Structures are given as C-alpha cells and as structure tokens.
Amino acid sequence: MSTDLPQAPPSAAVTAITDPHPVPAGNPTGDDAQTLSEQSVLGRHASRVQRVGASLPFDDPRHLQAHHWLVDEAWLLDAQAYEDWLELITEDVHYLMPVRVTTALGAGYDTARGMAHFDEDKYSLSRRVARFLTEHAWTEDPPSRLRHHLSNVRTFATDDADHLVVESATLLFRNRGDVREGSFISAGREDLLRLVDGHWKLARRVILVDDSVMRMQNLAIFL
Amino acid sequence: MADQTTVLADVRRGMIPAHVYNDREIFELEKERVFSRAWVFVGHESEIAQPGDYVVRRVLEDSFILTRDEQGEVRAHFNMCLHRGMQVCRAEVGNASHFRCPYHGWSYRNDGRIVGLPFHKDAYGGEAGFQRKGQRLLPAPSLATYNGMIFLSMDPDAPPLEEFLGDFRFYLDYYTKQSASGIELRGPQRWRVKANWKIGAENFAGDMYHTPQTHTSVVEIGLFREPKAEKRKDGATYWAGAGGGTTYKLPDGDLDERLRYVGYPQEMVDRMKEQFTDDQLKVIGDDGFMISAASIYPNLSFVHNWPRVGESDDVLPFISIRQWQPISEDETEVLSWFAVDAEAPEEFKALSYKAYLMCFGSTGMFEQDDVENWVSLTNTAAGSMARRLLLNSRMGILEDDEPVVPPLGPDAFHGPGEARTGYSEHNQRALLNRWADDLEKPPVQAATLTVGGPGAGAQDAAGRTSPSANDAELPGGAVAQA
Ligand code: FES
Ligand SMILES: [Fe+2]
C-alpha cells in the first residue's frame with residue numbers, strides 16, 4: 001500500500017487462523033500442526049497452501065474475482081441453493097468451524113481441542129445438502145429467512161498462481177416463524193480458493209465464529 | 001405460588017398438563033426442588049487430565065471451577081472470591097496452579113486454599129484480624145465420580161452418587177467404560193435453544209416412537225439404516241435406577257458379530273469382553289439389544305448410534321453425552337460432548353468423531369430436527385389454552401394401567417430394571433414421576449457460610465459455619481457443612 005500510515009497489525013482472530021502459534025497440549029493431531037485446519041481432527045487431507053505477503057490492492061483483478069465469488073456464494077447460501085453451492089466446492093475441501101472457548105490471554109489457544117461445529121469433507125457436506133433436498137428436513141420446512149452480510153474482504157496471493165487466500169467477515173441473520181426474534185451468527189472466515197478449469201472453487205474454509213455459546217437453535221445453515 | 005397438587009397428580013396418571021413445558025412458577029419450583037438436590041453432571045476427569053487443568057461449569061446460575069489439584073485430586077470450587085464476591089476465574093478452560101482474583105488480588109491455590117491476601121497485616125491486622133490459614137474457596141456441597149464422570153449435588157446430605165444412579169450404572173458402563181481406561185470426553189459444543197429442558201431429557205429417555213417420523217430424512221440420504229419403524233418397535237426399552245433408555249434389536253449373530261455389526265473393530269470388541277460383566281455382554285450377545293439413547297434424571301442424556309461416515313457401506317459407532325442445562329422455563333443451554341473409548345485406535349476415534357458431527361451436536365442432522373420440534377412445542381405451551389390441555393403420555397398402558405406389552409423376562413433381557421419391547425412412554429412417565437416426587441418434597445435447607453467473621457470456624461446460633469474449618473483435608477473435595 002502506498003500510504004505512509006503505520007501498517008495495522010493483523011487482528012488476533014485473523015492471526016489465529018493461519019499464522020503459526022503454539023499448539024495446545026493434548027491436541028490430538030500431533031505436534032507439527034500449526035494452523036487450525038492442520039490441528040483439526042479431520043483436516044489431514046486439506047490443502048496446505050498459505051497466503052504470501054500483504055493483502056492485494058482492491059483494484060487488483062484477483063481481488064475483484066475473489067470478492068465477486070464471495071458475493072455470488074452469499075447469494076446462493078441465502079437462497080439455500082445448496083446444490084449449486086456444492087458445485088463451487090473442490091473434491092478435497094476442508095470446511096472447518098472450530099468451537100470457540102474463553103481462555104486467559106496468555107493461554108495460546110481460543111478454540112476447543114479436538115472438537116468443532118463443522119469439520120467436514122465433501123462427503124459430509126454432500127449428505128447435509130442431500131438432507132435439505134429431502135421433503136423431511138423439518139428444521140428447514142418452512143424454510144428460514146436467511147441473509148449473509150459480507151464485509152471486510154481481503155485477498156492474498158499464494159506461492160501458486162492457481163490459489164488465492166481470501167478473508168471475509170460474515171454476519172448471518174436467520175429468522176423462522178413469527179414467535180421468536182431472529183438470531184445472528186458473526187464470524188470471520190479464511191478461504192482458500194483454487195482455479196479449476198477456469199473457475200474459482202472453495203478448497204478450504206476456516207470459520208472463526210465469535211460466539212462461544214451459539215445463540216441459534218441449530219446450525220442447519222452454512223457460513 | 002400456585003398449588004401444583006393437581007398438576008402433579010395429572011402427571012402421575014400419565015396426563016401431562018401442557019403448560020409444564022413453559023411455566024415460570026414450575027421452573028422456580030424446579031430450581032428449588034429438583035436442581036437443589038439431584039446429582040448433576042459437570043464434566044469428565046479426562047477433561048482435566050493433568051494437575052492444574054480446569055474447566056468452569058455451571059449448575060443453574062452457580063459457577064464452579066472444576067479442577068485437578070497438584071495432588072491429582074478432582075475439586076469443584078464455587079467460582080466466587082471470598083472477599084467481595086468477584087468471579088475468580090473468568091476463562092472456561094485452562095491450566096493454573098493458582099487463581100488470582102482480579103478485584104483486590106486475593107489468590108487461591110488450585111486446591112482452593114487462600115495463599116495470597118494483599119496487605120494482610122495492614123488491612124486486617126494479620127492473622128489476628130483475619131485468619132487466612134485454612135480459608136478456601138467454597139467447595140461444592142457434594143462431589144462424586146462414577147467411571148470418571150464428575151457429578152455435583154447442591155445438597156450436602158445427598159445420598160451417595162452410586163445409590164442415586166442405582167441400577168442405571170449397568171447401562172452407563174456401555175457408554176463410559178468400554179475398556180479399563182474409560183472414555184475421553186471432547187467438547188462440549190454449547191448452544192442455546194428456546195425449549196424447555198425436560199423435553200430433551202424425556203425424548204432421550206424413551207422416545208423410540210419419534211425416530212421414524214422426525215428422522216426420516218437421515219434414512220433417506222443413506223446415512224442411517226436403523227430408524228425404520230419396525231426396527232424401533234423391536235428394540236427393548238428399559239428403566240433402571242435414576243435413568244432409562246432405548247435399544248435397537250440387532251440381527252442374528254453372536255456377541256462378536258453383533259458388536260462388529262455396529263462397527264466396532266475386533267480389538268475394541270475384545271476389550272469390551274474383558275471389561276463388561278457377563279450380564280452386560282448377554283444383553284448384546286444373547287438378547288441381541290444394542291444401547292441407543294438414554295437419560296439420567298434430571299437432565300443428562302446419552303446417545304450411541306452407528307451411521308455411515310463415507311461412501312462405503314461400513315458404519316461406525318459414536319457416543320455423545322449431553323446436558324440440558326436449564327436457563328429459564330423456555331430456554332435451555334445444550335452442552336454436547338463427543339465421547340470415545342480412550343484405548344480405541346486413533347483412526348476409529350477420528351471416524352467416530354466424524355459420525356458424531358454428522359448426527360448430533362450443534363450441526364448434527366438428527367439433532368437439527370429434534371430441536372425444531374422442541375422449540376415449537378415450548379412456544380405453543382406458553383399460553384392459556386395449554387393450561388386446559390392434558391397431553392396423553394400413556395402410550396404402552398391400557399385404561400386400567402395394565403401394560404400393553406408385559407416386561408421382558410430374565411431370559412430375554414439380562415439387564416436390571418424393567419424392560420419391554422414395543423412402542424411406549426414408560427420411560428417418559430418414570431422420569432416425570434421422579435420429577436413430581438421432587439417437586440412435592442420441601443426444598444433443601446441450605447446452610448449459610450461466613451468468611452472469617454467473629455467466631456470463625458464455630459457454628460453460630462443459627463447453625464451457620466465458616467468455610468475455615470479444616471475442610472481442605474477432607475477427601476474428594478466434598479465438605480460437610482452445617
Ligand atoms: S473480591 Fe476478590 S479480592 Fe476482593
Ligand atoms: Fe431425535
């Protein structure tokens with residue numbers, strides 16, 4: 001960036017997703033795990049491509065493509081067009097949403113060890129989507145009214161021209177019926193996008209939710 | 001407070017006044033009479049495996065630091081500073097040899113004893129004014145463990161935990177003691193649902209009847225082969241001691257074949273054969289029943305299922321332990337843990353965890369539809385019409401209270417308690433009858449405790465004591481009070 005303002009330090013939440021940090025003792029995935037995806041129980045198959053350098057300028061074509069991809073995706077998720085959404089996902093995807101825990105400042109971790117809300121591969125995501133397509137997924141019949149508000153998009157290059165790392169914030173509002181007020185989920189996300197046959201696809205997503213106790217009746221949604 | 005005599009009498013004859021699922025006065029009574037005396041699950045020893053490890057857990061509004069002290073002993077300290085009542089520990093998990101209160105800096109060893117009191121001499125005149133020696137964070141009134149599962153009771157005179165659990169221990173072992181090492185507990189996922197806490201407890205205790213309807217979608221996507229209606233009907237439903245649950249009928253085969261049918265690898269089967277009693281093995285091998293969901297009164301539930309976890313047809317079993325923690329008459333915090341035998345192969349642990357995530361917990365495909373039902377039920381129970389409606393909870397008994405299906409004889413079912421096949425609500429009634437018994441009993445009178453006041457350590461005229469007695473030496477962290 002060309003300004004002479006001091007470079008803002010990366011936020012703690014962002015750092016926690018990709019930057020190396022101490023692995024909590026007793027983590028079931030071993031000592032060499034660094035990122036949350038690596039530390040997760042089911043993330044062994046996941047791509048390990050990481051960001052390189054500072055965020056790309058907002059007029060960089062790669063940023064524009066990534067941002068475009070995220071807005072399109074948010075629309076699909078709002079519309080519960082989950083079959084189309086699955087088409088945007090690679091076969092080796094790792095879709096992870098750790099459980100956040102409240103820990104002391106110096107603890108070195110703020111996610112539960114060996115537990116997540118989502119720790120998914122393509123098979124488990126496809127089962128979840130298939131279930132919504134049956135006529136018997138009662139929790140979404142009648143369907144919720146969903147809105148994924150997307151912001152704070154930053155795109156990073158990687159060592160591989162076919163991969164981009166994209167960060168974003170998402171605020172999901174979900175409302176059902178007419179008795180209860182709607183509920184929110186606020187989360188930061190770090191995605192790995194991969195160029196496959198000329199289309200960007202999601203190869204890895206880590207969702208760092210801002211609640212330790214979810215205030216939603218279930219997570220029959222995607223973030 | 002309204003007289004609940006009629007409500008309880010209706011419950012006892014299997015007719016449930018619908019408003020008990022969303023009623024402020026009933027909830028106040030439950031706080032006073034159910035959760036003030038029952039043994040309530042707070043965690044498992046594997047969650048605090050090392051000295052200094054702690055987790056913070058609640059019983060209703062009361063926060064406890066559950067920790068393993070430097071001697072390896074499990075303790076539960078009321079999470080309130082003895083000085084002016086600040087919450088001592090504000091993290092929910094960690095490792096600490098000491099807890100220092102952020103307000104004025106009193107500090108406590110992880111066994112609860114005070115070690116630091118700033119300006120003790122200047123502020124209090126030293127030991128002469130405030131006897132620091134022997135003072136400790138207030139221990140839970142009663143604390144005990146079974147198979148590493150840690151329970152608290154707010155009643156200092158609670159019956160022993162094993163007595164409370166009674167014959168349900170036979171079934172608890174299937175979930176928590178598949179080898180000599182017992183389970184590792186991971187999680188919990190926590191989330192709040194706008195549903196009354198009793199609904200989940202009743203459902204897991206014995207609602208085999210909802211499975212084919214509520215969980216149709218999970219069968220349709222090929223995840224689960226069991227919930228077909230006839231499969232549920234053939235399973236045995238048992239009630240024993242403080243809890244009860246449902247089972248599935250397994251296809252023909254011997255013990256090993258039947259355990260492998262639900263996905264246990266032979267080495268785990270071999271360990272179960274060493275660990276379980278003859279009767280525990282016979283329920284599976286001879287009688288052909290495999291545990292599924294269960295509840296212990298008042299608010300702890302279990303589930304054991306065996307879904308597919310990948311493209312192959314193989315299934316894999318998982319265990320979840322969950323607590324329906326009451327927040328109010330229409331809100332419950334669900335704490336859902338994944339449990340796995342500590343000696344299981346690593347690959348099994350990972351796939352069992354995957355099975356858990358797909359089926360239960362905050363994202364689980366079974367749980368999603370359960371919760372939707374329970375929230376709607378709770379909403380509907382709030383109004384005046386629900387006060388006019390007695391729900392029929394008499395499935396499995398005739399008008400004269402005779403059972404539709406007789407209990408299984410000792411040759412057909414080798415477990416303790418009463419078991420029978422077929423659809424029924426025997427267990428929901430058993431759970432709510434216990435609840436009615438508690439609501440009828442006068443509340444537990446809790447003793448008041450003072451901290452280092454005049455005459456500390458002695459019992460005063462009102463029967464109150466200070467926590468400065470030599471309680472740090474008492475075993476198990478449990479301290480008799482007043
Ligand atoms: S309240 Fe804890 S030191 Fe004062
Ligand atoms: Fe269910």
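Computed from a prediction, not measured in an experiment: that's the story for all the values here. Throughout, protein chains are lettered first and strands after them, A, B, ... in sequence-line order, and every chain is numbered starting at 1.
Atom CZ of R180(A) is surrounded by more than 12 heavy atoms from other residues, nucleotides or ligands within 6.0 Å.
Using a cutoff of 4.0 Å between basic side-chain nitrogens and carboxylate oxygens, R176(A) and E140(A) are scored as salt-bridged. A salt bridge is defined here as a Lys NZ or Arg NE, NH1 or NH2 lying under 4.0 Å from an Asp or Glu carboxylate O, and R205(A) with D191(A) meets this definition. Ion pairing between K194(B) and E181(A) fails under the 4.0 Å rule for side-chain N and carboxylate O. Between R100(A) and D211(A), no side-chain nitrogen of the basic residue sits less than 4.0 Å from a carboxylate oxygen of the acidic one, so the salt-bridge criterion is not met.
Of the listed residues (A116(A), S183(A), G177(A), S212(A)), the one with the most heavy-atom contacts under 4.5 Å to chain B is A116(A). Here Q189(B) is the residue among Q50(B), R90(B), Q189(B) with the most heavy-atom pairs under 4.5 Å with chain A. Interface remark: of the candidates V371(B), L223(B), V334(B), N373(B), V371(B) forms the most heavy-atom pairs closer than 4.5 Å to chain A. Ranked by heavy-atom pairs under 4.5 Å with chain A, the first of S336(B), G94(B), A350(B) is A350(B). Interface remark: of the candidates A112(A), S124(A), A104(A), S124(A) forms the most heavy-atom pairs closer than 4.5 Å to chain B. Ranked by heavy-atom pairs under 4.5 Å with chain B, the list D121(A), T103(A), L133(A), T102(A) is led by T102(A). Most heavy-atom pairs under 4.5 Å with chain A: of the set Y356(B), W374(B), W191(B), F338(B), this distinction falls to W191(B). The choice from T214(B), V93(B), D369(B), I221(B) that makes the most heavy-atom pairs within less than 4.5 Å of chain A is D369(B). When K349(B), E331(B), M365(B) are compared by the number of non-hydrogen pairs under 4.5 Å with chain A, M365(B) comes out ahead. Note on L105(A), D119(A), D141(A): by heavy-atom pairs under 4.5 Å with chain B, the leading option is D119(A).
With a 4.5 angstrom heavy-atom cutoff, V309(B) touches chain A only via backbone atoms. Heavy atoms closer than 4.5 Å to chain A are found in both the backbone and the side chain of R308(B). Residue contact with chain B, scored on non-hydrogen atoms closer than 4.5 Å, involves the backbone and the side chain of V101(A) alike. In this structure, chain B has no heavy atom under 4.5 Å from any part of A107(A). For D53(B), no part lies near chain A; criterion is any non-hydrogen pair under 4.5 Å. Interface remark: V375(B) contributes side-chain atoms only to the contact with chain A (heavy atom separation under 4.5 Å). Proximity to chain A is limited to the side chain of E333(B), based on heavy atoms less than 4.5 angstrom apart. Within the 4.5 angstrom heavy-atom criterion, atoms from both the backbone and the side chain of V213(A) approach chain B. Of the atoms belonging to L357(B), heavy atoms from both backbone and side chain fall under 4.5 Å from chain A.
Looking only at side-chain heavy atoms (C-beta outward), R128(A) and T363(B) come within less than 4.5 Å of each other.
Of the possible donor and acceptor atoms, one in the side chain of D78(A) sits under 3.5 Å from a partner among the backbone N and O of H148(A). For the pair N79(B) (side chain) and V88(B) (backbone), a donor-acceptor distance under 3.5 Å is present.
Within residues 89-98 of chain A, no residue has any heavy atom under 4.5 Å from a heavy atom of chain B. Within residues 215-223 of chain A, the residues having any heavy atom under 4.5 Å from a heavy atom of chain B are, by residue number, R215(A), M216(A), Q217(A), N218(A), L219(A), A220(A).
The closest side-chain donor-acceptor pair between S168(A) and R189(A) falls under 3.5 angstrom. Between the side chains of H44(B) and S46(B), at least one donor N or O lies within less than 3.5 Å of an accepting N or O. Judged by distance alone, the side chains of S376(B) and N379(B) never bring a donor and an acceptor atom under 3.5 Å apart. Of the N and O atoms on the side chains of R204(A) and S37(A), not one donor lies less than 3.5 Å from an acceptor on the other residue.
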The test is ring-ring contact (aromatic ring centres under 6.0 Å, His included); show your working for H215(B) and H210(B) and say whether it passes. CA-CA 8 Å; H215(B) 301 304; H210(B) 86 294; 4.8 Å; yes
Worked check of side chain to side chain contact (heavy atoms under 4.5 Å, CB included) between N175(A) and R145(A): CA-CA 5 Å; N175(A) 187 228; R145(A) 291 170 288 277; 3.0 Å; yes
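Nearest heavy-atom pair, G361(B) versus E367(B), reported as atom, atom and distance to 0.1 Å: N-OE1, 2.8 Å.
The aromatic ring centroids of W85(A) and F132(A) lie 6.0 Å or more from each other. Side-chain rings of F360(B) and F366(B) approach one another, their centers coming within less than 6.0 Å. The distance between the ring centers of W69(A) and H67(A) does not fall below 6.0 angstrom.
Between the CG atom of L202(A) and the CG atom of L192(A) there is a distance of 8.0 Å, given to the nearest 0.5 Å.
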